[in-house]
Protein chains: 2
Amino acid sequence: MSDDSLWAALADPHRRAIVALLLERPRPVGEIVEACGLSQPSTSKHLRVLRDAGLVRVRQDAQRRVYALDPAPIAELDAWLAPYRKLWSTSLDALGRRLDETVTDTAAETAAAPGESSDEEDADTSTTSPKD
Amino acid sequence: MSDDSLWAALADPHRRAIVALLLERPRPVGEIVEACGLSQPSTSKHLRVLRDAGLVRVRQDAQRRVYALDPAPIAELDAWLAPYRKLWSTSLDALGRRLDETVTDTAAETAAAPGESSDEEDADTSTTSPKD
DNA sequence: CTCCAATATGCCTCTGCGGTTATATGCCAG
DNA sequence: CTGGCATATAACCGCAGAGGCATATTGGAG
């Protein structure tokens, strides 16, 4: 499935930033404008795209419009990458070893020890937080 | 980190189709061209984008170039939506109640609301909040 | 060496997206 | 009713991206 509008909406880094903002708590537009440093109309357009993709919902509070995150589409994303998840659970270590061997940027003597590196501190693929 | 090129690469439905194709098994370019119904140069450009995003790698076999999927960036995606995953897995009902309270554009069927007005969202910073 | 097959790359066009400025709409206060 | 605030929309511009055609490049066959 993987709705095209969902991917298109999340393709923009500003919109991902907005989604990350709304992950913490619902916010009115003015707060979002101030946070992502864009002009108000531009932010409003981004919010419209997110709304059309179903990623956010609006609650009208007087003149303010409070946007809140709707996790359902992101669950769709999760469902999309479900088939891929088994890939890195099975063969990621072997492949990661190859990649780690390829990179070897400023490592001291990591390459000298074949297959006994028990605690590697890089482990970058898990500590990522949705921040732009 | 949520690399922009990764999202940009997956934003295109053709490229997602290619990724899905390579999920089954590695394939040479000709096969991908035939599968996604585009011209060969266009497909080659898409493959270049996927390559630059690190999503695929190439193995040269005579004149053929066999493309294979690299699951690591998709793992990055998984890490990105990790903070959101708890939204629909743990507090789905509570959040759903809040969403039910929100007024959407199509306020057709959500007319009858029982008497309750104390609306003050509780900030849940207990999660791994993606700081700005 | 020459030819062919497979793929990548260079132009060109065109559509769409993101941004800005100006304006419309809606809601509350006075 | 009128003014002001908060937000959405419209009109417009610039640019990046996606598609096609023609061509360069590379590796193998004869």
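First the proteins, then the strands, lettered A, B, ... as listed; each starts at 1.
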For atom CG of A:Asp52 and atom P of D:dA8, their distance in whole Å
12 Å
Indicate the atoms forming the closest heavy-atom contact of A:Pro83 with A:Ala79, along with that distance.
CD-O, 3.6 Å
Rounded to whole Å, how long is the line connecting atom CG of B:Leu50 with atom P of D:dA18?
10 Å
Interatomic distance where CG belongs to A:Asp4 and P belongs to D:dA18 [whole Å]
11 Å
Separation between CG (A:Leu77) and CG (A:Leu6), nearest 0.5 Å, reads 4.5 Å
Salt bridge check: are A:Asp12 and A:Lys45 linked by an N-O gap of less than 4.0 Å?
no
Nearest-Å distance, CG (A:Asp12) to C1' (C:dG16)?
13 Å
Going from CG on B:Leu50 to CG on B:Leu10, what distance comes out if it is rounded to the nearest 0.5 angstrom?
7.5 Å
Do you see a donor-acceptor pair shorter than 3.5 Å between the side chains of A:Arg51 and A:Tyr67?
yes
Please report, rounded to the nearest Å, how far the C1' atom of C:dG18 is from the NE2 atom of A:His14.
10 Å
Need one value for B:Arg51: base, sugar-phosphate or nothing, where a base atom within 4.0 Å counts as base even if backbone is also close, heavy atoms only.
nothing
Counting only side-chain N and O atoms of A:Tyr67, is one of them less than 4.0 Å from OP1 or OP2 of D:dA6?
no
CZ of B:Arg48 to NE2 of B:His46, rounded to nearest 0.5 Å, is 14.0 Å
Measure the distance from CZ on B:Arg59 to P on D:dT26 and round it to the nearest whole Å.
20 Å
Between C:dG18 (C1') and A:Arg48 (CZ): distance, integer Å:
16 Å
How long is the line joining CD of B:Glu31 and P of C:dA5, in whole Å?
19 Å
Enumerate all atom pairs, one protein N or O and one N or O from nucleotides 20-27 of chain C, separated by less than 3.5 Å.
from, atom 1, to, atom 2, distance (Å)
C:dT20, OP2, A:Ser39, OG, 2.7

Can you tell me which nucleotide in D:dA18, C:dA8, D:dT9 comes closest to the side chain of B:Ser44?
C:dA8
Any idea how A:Trp7 and B:Trp7 line up, ring-wise: parallel (<30°), tilted (30 to 60°), or perpendicular (>60°)?
tilted
Would one find a side-chain N or O of B:His46 under 4.0 angstrom from OP1 or OP2 of D:dG19?
yes
